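For reference, the structure discussed in these notes is given below.
Owing to the predicted nature of the structure, the values given are computational and were not obtained by experimental measurement. Reminder, nothing fancy here: chain letters follow the sequence lines and each chain counts from 1.
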Protein chains: 2
Amino acid sequence: MSRPSNAAHVTLADVAAHAGVSRATASLVLRDTGSLTEDTRNRVRASMNELGYVYHRGAASLRASRTQSIGVIVSDISNGFTAELTVGLEEALAAAGVVALIANTLESTDRQELLVRSMLERQVDGLLIIPAIGTTRAMAERLSTVGVPVVIASRDIAVPGLSYVGIDNVTGGSCAAEHLLTHTNGPVAFLGGFTELGPRQDRVAGIKRALATASDAWLEVDIPGPPNGSWGLETARRLLDDGSLPPTIICLNDQVAFGVYRALREARPEGPSPVRVVSFDDVAEAALWEPPLTTIAASGHEVGVRCADILLGRIEAPDGPTVRTLITPTIVVRESCGCLV
Amino acid sequence: MSRPSNAAHVTLADVAAHAGVSRATASLVLRDTGSLTEDTRNRVRASMNELGYVYHRGAASLRASRTQSIGVIVSDISNGFTAELTVGLEEALAAAGVVALIANTLESTDRQELLVRSMLERQVDGLLIIPAIGTTRAMAERLSTVGVPVVIASRDIAVPGLSYVGIDNVTGGSCAAEHLLTHTNGPVAFLGGFTELGPRQDRVAGIKRALATASDAWLEVDIPGPPNGSWGLETARRLLDDGSLPPTIICLNDQVAFGVYRALREARPEGPSPVRVVSFDDVAEAALWEPPLTTIAASGHEVGVRCADILLGRIEAPDGPTVRTLITPTIVVRESCGCLV
DNA sequence: TTGTAGGCGTTATCAT
DNA sequence: ATGATAACGCCTACAA
C-alpha cells in the first residue's frame with residue numbers, strides 16, 4: 001500500500017524486472033493490447049502498483065503519435081461563457097480519454113503566440129483557441145500550418161484550414177430587437193463590446209436588420225466598450241447626465257446590463273425606471289436580478305461539446321474538411337424588457 | 001517566411017544539418033548556454049525559423065529535469081474566485097517562464113485522481129490543487145508522495161508535506177458578524193456552503209466567536225447547501241414561507257445572497273425588505289446589486305500569486321519546508337448590511 | 001568553440 | 001504468448 005516515495009524514478013524496465021517479464025510485455029499490458037495471459041497482465045499490474053510506476057508520456061510521444069491531450073488557449077477564463085465552454089469541452093473529451101490543458105492569454109497576443117508554441121512543444125493532438133483581442137489574420141493563418149487540427153471558438157477569424165464554432169450572433173441580435181419591437185418603438189441604444197470583434201459586429205448587424213423592418217424604431221446610440229459591469233455603469237451614468245439614454249437598451253452582455261441598472265438606480269433612487277433592457281448570455285445572476293433580465297441565451301457548454309467533436313474527428317481523420325458551426329441562441333423573456341408589465 | 005507544413009517532423013538534427021553544425025551545437029543555442037559565436041547562434045536560429053522547428057519538450061524531459069510547467073487542478077473553473085486565482089497564478093508564473101496547465105475536476109474525486117495522474121505523466125514540475133468535494137485525507141496523503149511539490153489552495157486539508165494557501169475565513173466570519181453587531185442584534189442566519197469543507201466551517205466558527213461576545217445576538221438558523229444562487233433562492237423562499245428567516249443574514253458567498261434577495265422580492269414586491277445581509281467574495285456583481293452588497297472580500301488573485309511563489313520556491317529547493325499561508329480578507333461596507341440607512 | 005557518443009523511457013518490428 | 005532490439009529527439013559529458 002505504501003508508495004516508495006524515495007525511488008528516484010520507476011521505469012517500465014523496473015516494472016518488467018519486478019514482474020519477471022520483458023519491457024515489451026510490460027508495455028503491452030500498459031496499453032491493453034496484444035494477446036497476453038490474464039495472469040501475466042495481473043502480475044505486471046501488481047508490480048506497477050507496488051512500485052508506484054508513473055507512465056512517462058513524453059517518452060511515449062517519442063514513438064507514439066498521440067498524447068491524448070489537446071491544448072485550450074482562451075482569452076479570459078473568468079468570463080462565464082468561456083468557463084462554461086471549457087466544461088462542455090472537458091466533459092466531451094473525457095469520454096474519449098483525452099485531457100484538455102487550459103491556459104489563459106489574458107488578451108495578450110504575445111502571450112497567445114507563446115502558449116501556442118508551448119502547447120505544440122508538448123505535442124498536443126489538437127488546439128482550441130479563443131483568439132485574444134488584436135489577433136491578426138496573419139497570426140491566424142500561421143495556425144493553419146501547425147500540423148495539428150485547430151478550432152477557433154467564439155470570435156470568428158475566417159481562415160482556410162481552421163474550423164470555427166460560435167454563436168449565431170446575427171440571429172441573436174435580430175431576435176432581441178424583434179422582441180422589443182413587439183411592444184416598444186422609438187430610439188434604441190446598443191451598449192458595449194469591442195468593434196474589432198465578431199460578436200459585437202454581428203449583434204449590431206442583426207439588430208439593424210430587425211430595426212429596418214420597423215418604420216418607427218432606430219438605433220440612435222451605439223457605443224462600444226469593454227464588456228463588463230463597471231463600463232456599463234460609467235457609460236449609462238454619462239448618458240443619463242446628458243439626458244441622451246434612450247428608454248430602450250440592448251446590452252452586449254448581462255454584465256453591461258447590470259452596470260446600466262446600477263446607474264439607473266443612482267439616478268432615480270425612488271423607484272424603478274421605465275426602461276426596457278435586453279442583453280446577452282443569460283449568466284446565473286440574470287434570473288435573480290431586479291428586474292429579472294430578458295436575455296439572449298447561448299450555450300457555452302454546447303459550443304464546447306461541438307469543439308470537442310470536431311477536434312476528435314479531425315484527429316481521427318486529419319484530412320477531413322474544416323467545419324464551421326453556428327449555435328443558434330434563444331431568447332429568455334423575463335421582466336427587464338417590459339413586455340410583462 | 002512560408003512554413004513547410006508538409007515536413008513530417010523537423011528535428012534538431014535537421015536544423016543542425018541545415019545550419020552546418022553538429023546537433024550538440026544546435027542544442028546549445030536552443031538553451032542559450034555554452035560559449036558560441038554570435039554568428040553560429042544566428043545561423044542556427046535562422047535555420048530553425050526556416051525549417052519551422054518545434055522543440056520537443058517530451059524528448060527533452062527524458063534528459064532534463066524540468067518541463068517548465070505546473071499542473072493546476074481546480075474543482076470548478078467557472079467559480080469567479082477560482083478564475084481570479086488562476087489569473088494571479090499565471091501572471092506570476094509567466095515571469096518565471098513556466099506555464100500553467102489547467103484542468104477541471106467538476107467536483108469529481110475520480111476525475112481528480114485521473115487528472116493528477118495525467119499531469120504527473122506529463123512531467124509537470126509542480127501541482128496546484130483545489131480539492132474536489134469528497135477528497136479524503138488518504139487521497140491528500142498520497143499527494144505528498146508524488147515527487148513534485150504540491151500546494152493545496154482554498155480548501156484546507158492539513159497533511160504534512162503539502163503546502164497550503166487560503167483565505168483566513170475565521171477572521172472573515174468574525175469580521176462579518178462584528179460589523180453586524182455594531183448596528184443590529186437578535187437572531188442571525190448563516191446560509192450555504194458544504195459542511196465538509198473548510199471555508200464554511202471556518203466562517204461559521206468566526207461568526208460564532210464574534211456572536212459569543214454579544215449577549216443579545218445568536219446564530220439561530222444555520223443551513224448548509226450548494227454555494228449558488230438558485231439554492232439561495234429556494235432556501236430563502238422556504239424560510240420565508242415558514243416565517244423563520246431572521247432579519248440578519250450572513251451568506252456563504254455573494255451568489256447565495258443574490259438568490260436570497262430574489263426570494264425577498266418575490267415575497268414583498270412592494271419594496272425592499274428590512275433585512276441586513278453580509279456575504280463573502282465581492283464578485284463583480286456585488287457592487288452593482290440592489291442594494292449594493294456588503295461583503296467580505298478576499299483576493300483570489302493574491303492567493304494565486306502566493307501559490308506561484310511557493311511552487312517556484314520549492315521547485316528550486318525541493319527540500320525546503322512546506323508552508324501554510326492565510327490571506328486576510330477585508331470587509332467592504334456597502335448598503336446591504338443596513339448600517340448606512 | 002565545436003563534435004562524438006551514449007542514454008533517457010517508451011513503442012514497434014521482428015523473432016522465438 | 002513473450003522477448004530482443006532498434007529507433008524516437010534531445011541533453012550532457014567528454015574529447016578534440
Side-chain angles (χ1 to χ4, degrees), chain A residues 7-45 47-48 51-69 117-118 120-125 147-148, chain B residues 7-45 47-48 51-69 117-118 120-125 147-148:
Chain A
H9 197 70
V10 180
T11 80
L12 241 203
D14 299 329
V15 172
H18 186 273
V21 298
S22 73
R23 274 146 62 220
T25 306
S27 177
L28 288 178
V29 356
L30 204 54
R31 289 169 291 144
D32 267 324
T33 14
S35 40
L36 301 180
T37 320
E38 251 332 279
D39 176 56
T40 319
R41 253 183 234 292
N42 290 333
R43 224 172 52 246
V44 173
R45 274 202 256 269
S47 297
M48 286 182 179
L51 266 35
Y53 169 72
V54 179
Y55 185 58
H56 193 309
R57 257 199 161 66
S61 74
L62 236 31
R63 300 285 322 202
S65 50
R66 308 274 171 77
T67 57
Q68 304 291 65
S69 50
R117 178 169 202 88
S118 178
L120 292 174
E121 289 179 356
R122 289 176 171 78
Q123 311 297 117
V124 291
D125 301 330
V148 296
Chain B
H9 198 72
V10 180
T11 80
L12 241 203
D14 299 329
V15 171
H18 185 274
V21 299
S22 75
R23 276 146 61 221
T25 305
S27 175
L28 288 179
V29 356
L30 206 52
R31 287 169 293 141
D32 267 326
T33 13
S35 38
L36 302 179
T37 319
E38 253 328 283
D39 177 55
T40 320
R41 252 182 234 292
N42 290 333
R43 224 171 53 247
V44 174
R45 275 202 254 267
S47 297
M48 287 182 179
L51 264 35
Y53 170 72
V54 178
Y55 185 57
H56 193 309
R57 231 165 246 284
S61 74
L62 238 31
R63 300 286 320 205
S65 49
R66 307 274 170 78
T67 57
Q68 303 291 64
S69 51
R117 180 172 199 86
S118 178
L120 292 174
E121 289 178 357
R122 290 174 171 79
Q123 310 297 116
V124 292
D125 301 330
V148 296

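A distance-only check finds no donor-acceptor pair linking the side chain of S61(A) to the backbone of T67(A) [under 3.5 Å]. Formation of a donor-acceptor pair under 3.5 Å by the T37(A) side chain with backbone atoms of D39(A) is not found in this model. Without hydrogens or angle criteria, R57(A) side chain to E121(B) main chain gives no donor-acceptor distance under 3.5 Å.
In this structure R66(B) satisfies the salt bridge (charged side-chain N to carboxylate O under 4.0 Å, His left out) test together with E316(B), sequence neighbours excluded. Residues passing the salt bridge (charged side-chain N to carboxylate O under 4.0 Å, His left out) test with R122(B), sequence neighbours excluded: none. Shown here are the side chain to side chain contact (heavy atoms under 4.5 Å, CB included) partners of R63(B), two or more places apart in sequence or in another chain: there are none.
One distance of note links CG of L36(A) with CG of N42(A); it measures 11.0 Å at 0.5 Å rounding. Considering CZ of R43(A) and OG1 of T25(A), their distance stands at 9.5 Å, rounded to 0.5 Å. The CE atom of M48(B) sits 11.5 Å away from the CG atom of D14(B) when rounded to the nearest 0.5 Å. Note that CG of L12(B) is 8.5 Å distant from OH of Y55(B), once rounded to the nearest 0.5 Å.
When DNA chain D is scanned 5' to 3' for any atom under 4.0 Å from a heavy atom of chain B, the first and last hits are dG9(D) to dT12(D).
Taking atom CD of E38(B) as the reference point, atom P of dT2(C) lies 11 Å away to the nearest angstrom. We find that CZ of R122(B) is positioned 16 Å from C1' of dG9(C), with the value rounded to whole Å. Distance CD (Q68(A)) to P (dT11(C)): 12 Å, rounded to an integer number of Å.
A donor atom on one side chain and an acceptor atom on the other are found under 3.5 Å apart for S27(B) and R31(B).
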Task: Contact letters for nucleotides 3-8 of chain C, in which S counts primed atoms plus P, OP1 and OP2 and B counts the base, heavy atoms under 4.0 Å - done: BB-BBB

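Helix bend of the helix from dT1(C)-dA16(D) to dT16(C)-dA1(D): the angle between its two end axes, each built from five pairs, comes to 30° after rounding to 10°.
When the nearest nucleotides of DNA chain C are assigned to T37(B) and S27(A) by heavy-atom distance, the more 5′-ward of the two goes with T37(B).
Base contact: R31(B) has a heavy atom under 4.0 Å from a base atom. Nucleic acid contact class of T40(B) (heavy atoms, under 4.0 Å, all strands): sugar-phosphate only.
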